[in-house]
Amino acid sequence: MMIKPHRIDLEMFEGPLDLLLFLIKRDELNIYDIPVAQITKDFLEYVNLAKELKLHSAGDFVLMAATLMKIKARMLLPIEADGDEEIEDPRTELMNMLLEYKRYKEAAGAFSNLERVERPHYYHIPGAWDPQQEDKTAILEDIKLYDIMLTFRYLLKNYEEPVTHSVAIEEVTMSEQVGFLNGLLQAKTSLKFSSLLEQFESRLIVVVTFLAILEMLRGRQIKVKQTKLFDDLLLSRGAEFGN
Amino acid sequence: MEINELKQIVEALLIATPEPLTETRFKACMGRAEPVLPLDEIIEELQAEYSASDRAFFIKEVAGGYQLVTKAEYEIFVKGLFSKSGKLRLSQAALETLAIVSYRQPVTRNDIEAIRGVSSDSSLRTLLDRKLLEIRGRDDGPGRALLYRTSIEFLQYFGLNSVKDLPKLREVEDILSEDQGELV
């Protein structure tokens, strides 16, 4: 008996591969010898539902549907026996993807079990009570790139472009801004990112300058410090400054 | 230095440490005072003491060090101290993403999406926000994509001592034969 797909069912699936694994298991199909025509038909029923639901992953499902139909078409083509040359089964790539995904899906289950075991245990949370935070001059040396990005997003959100009415092509390049920052840091040992923002006339310059900072950070020409997340970025000379 | 004094020092360090206490960090805290016992032996003594006196906590070996954790039976009370979001369970999408990163790190978002067959942007963001993953540099390939890897918090969250203690990634044949067993 065929079980008809259900509306709610679709949200159970993490994506097209998950759905295919479900169909394979439900119909007791052999993953090494997938009946493509049958599975394509079942899969499409679900995809039509996905389109209806406007799931954000609908695109991934449609892409897989196209792949399945392509495989189905290639299966229909006559195989030209051309000497001893081995002809690859058009299903191989999909099969390997399914097998690989299955391994990680299973591992995710193992992590879920660990999570269940560990969740009831509470421990001291780093930073929950940090006496150093009382000291306003304390500086986190170990900021992660992600923290810098978050801060930038935050600062940019609060940055208001001054209202100007002249129309001109702004030309600003990253290397110009690297030079600009180099100049500033030659005159001063450190400077605040927010003080830079104040003097820029457009979002574009802000973004390009931020890219210049990341570039210089990568080349260790400068160092970036921050007292806490979303706080101002403090730029100073790095080991490779001026090179 | 007497063993009892040493035990008390370690106890103080365990209470105050913001991350699992390692042997190296322990030695650094001791400074010139030469401990007569290695950290693991002192921990063992403390642990025995705690279990003999039936404390509400115990010492857990995690992320290459030691930390005090509360016993599971107090969860219903202790959780009242924290916001709900802090201990929300991870979604299936986040768990899959985390599994891929932990076995194949460092990986790019593309590597993850190639295996999952679905966009993994939002689960990556969740995992970064919860500090279970971190960005470690960029790929050398075209586009210089960001590389992700697991963090110390990841080890703490799952109670693992190191990435070597990850649950074994099973071969697909084993999983499939188990599936067959279920059907019979």
Side-chain angles (χ1 to χ4, degrees), chain A residues 12-21 24-25 28 30-32 56-57 59-61 63-64 67 94 96-132 144-150 218, chain B residues 14-20 60 62 67-76 78-79 81-82 86-87 89-90 92-100 102-103 114-119 122 128 134-138 146 152-153 156-160 166-172 175-176 179 183:
Chain A
M12 281 167 35
F13 300 108
E14 287 303 327
L17 293 173
D18 201 17
L19 172 55
L20 283 175
L21 286 177
I24 288 168
K25 191 163 184 175
E28 297 175 33
N30 182 356
I31 199 165
Y32 296 107
H56 67 96
S57 54
D60 297 316
F61 283 91
L63 188 67
M64 178 57 77
T67 307
L94 176 67
N96 287 337
M97 276 173 78
L98 282 168
L99 293 174
E100 188 72 349
Y101 174 67
K102 197 171 170 61
R103 294 179 77 198
Y104 287 100
K105 186 174 149 67
E106 220 240 3
F111 278 111
S112 179
N113 287 337
L114 277 180
E115 185 186 39
R116 197 166 45 234
V117 174
E118 288 307 314
R119 232 161 67 95
H121 298 292
Y122 287 78
Y123 56 86
H124 185 84
I125 296 171
W129 182 80
D130 185 351
Q132 284 196 354
K144 306 265 158 66
L145 185 60
Y146 185 65
D147 297 331
I148 298 181
M149 305 280 232
L150 277 181
R218 198 167 64 87
Chain B
L14 285 173
I15 296 264
T17 185
E19 54 192 43
K60 191 168 173 66
V62 76
Q67 66 187 26
L68 290 175
V69 299
T70 59
K71 284 187 185 165
E73 57 256 51
Y74 303 105
E75 182 196 9
I76 49 166
V78 180
K79 73 178 177 193
L81 293 169
F82 301 93
K87 275 250 165 177
R89 297 194 64 169
L90 295 170
Q92 178 66 22
L95 285 167
E96 284 178 11
T97 304
L98 201 58
I100 293 166
S102 60
Y103 292 108
I115 293 176
R116 294 193 61 225
V118 70
S119 157
S122 70
L128 285 167
E134 56 192 31
I135 296 169
R136 267 299 147 90
R138 282 173 177 274
L146 293 172
I152 287 191
E153 285 87 347
Q156 282 181 313
Y157 189 80
F158 291 104
L160 302 168
L166 291 175
K168 205 170 165 291
L169 186 59
R170 293 205 297 161
E171 288 307 320
V172 81
I175 305 169
L176 284 175
D179 281 1
L183 293 172

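Quick caveat: nothing in here was measured; it's all calculated off a predicted structure. To find a chain, count down the sequence lines: A is the first, B the second, and so on, and within it residues start at 1.
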How many angstroms lie between CD in Q92(B) and CG in D18(A), if you round to the nearest 0.5 Å? 7.0 Å

When you compare the side chain of Y123(A) with that of Q67(B), does any pair of heavy atoms fall below 4.5 Å? yes

Just wondering, more than 12 heavy atoms not from I152(B) lying within 6.0 Å of its CD1? no

Could you tell me which portion of T97(B) (side chain, backbone, both or neither) has an atom closer than 4.5 angstrom to a non-hydrogen atom of chain A? neither

Let's test your reading of the structure: which of G117(B), S102(B), G137(B) forms the most heavy-atom pairs below 4.5 Å with chain A? G117(B)

Heavy-atom side-chain contact between F61(A) and V118(B) under 4.5 Å: no

Quiz question: by atom type and distance under 3.5 Å, do the side chains of E75(B) and Y122(A) form a donor-acceptor pair? no

Rounded to the nearest 0.5 Å, how far apart are CG of L95(B) and NZ of K105(A)? 11.0 Å

Heavy-atom pairs under 4.5 Å with chain A, option from L166(B), L146(B), I100(B) with the top count: I100(B)

Return yes if some donor-acceptor pair links the side-chain N/O of R89(B) with the main-chain N/O of S112(A) below 3.5 Å, else return no. yes

Hey, what do you get for CG (L98(B)) to CZ (F111(A)), rounding to the nearest 0.5 Å? 6.0 Å

Whether E118(A) and K60(B) form a salt bridge (side-chain N of Lys/Arg under 4.0 Å from carboxylate O of Asp/Glu) is what I want to check. yes

Tell me whether R103(A) contacts the main-chain N or O of R170(B) through its side chain, where contact means a donor paired with an acceptor under 3.5 Å. yes

Given E100(A), R218(A), E115(A), the one with more heavy-atom pairs under 4.5 angstrom with chain B than any other is E115(A)

Sort I76(B) into side chain, backbone, both or neither according to what part of it lies under 4.5 angstrom from a heavy atom of chain A. neither

By a 4.5 Å heavy-atom criterion (distance strictly below it), what part of Y74(B) contacts chain A: side chain, backbone, both, or neither? neither

Value for CZ (R116(B)) from CE (M97(A)), rounded to nearest 0.5 Å, stands at 12.0 Å

Would you mind checking which part of L160(B) comes under 4.5 Å of any heavy atom in chain A, side chain (CB onward), backbone (N, CA, C, O), both or neither? side chain

How close do A108(A) and A99(B) get, counting heavy atoms only, and between which atoms? N-CB, 4.0 Å

Can you tell which part of L63(A) gets under 4.5 Å to a heavy atom of chain B, answering side chain, backbone, both or neither? neither

Of the backbone (N, CA, C, O) and the side chain (C-beta and beyond), which part of A94(B) lies under 4.5 Å from a heavy atom of chain A, both, or neither? neither

Determine whether a donor-acceptor pair (N or O, by modelled atom type, separation under 3.5 Å) exists between the side chain of T70(B) and the backbone of H121(A). no

Do you know which two heavy atoms are closest between I115(B) and L17(A), and how far apart they sit? O-CD1, 3.2 Å

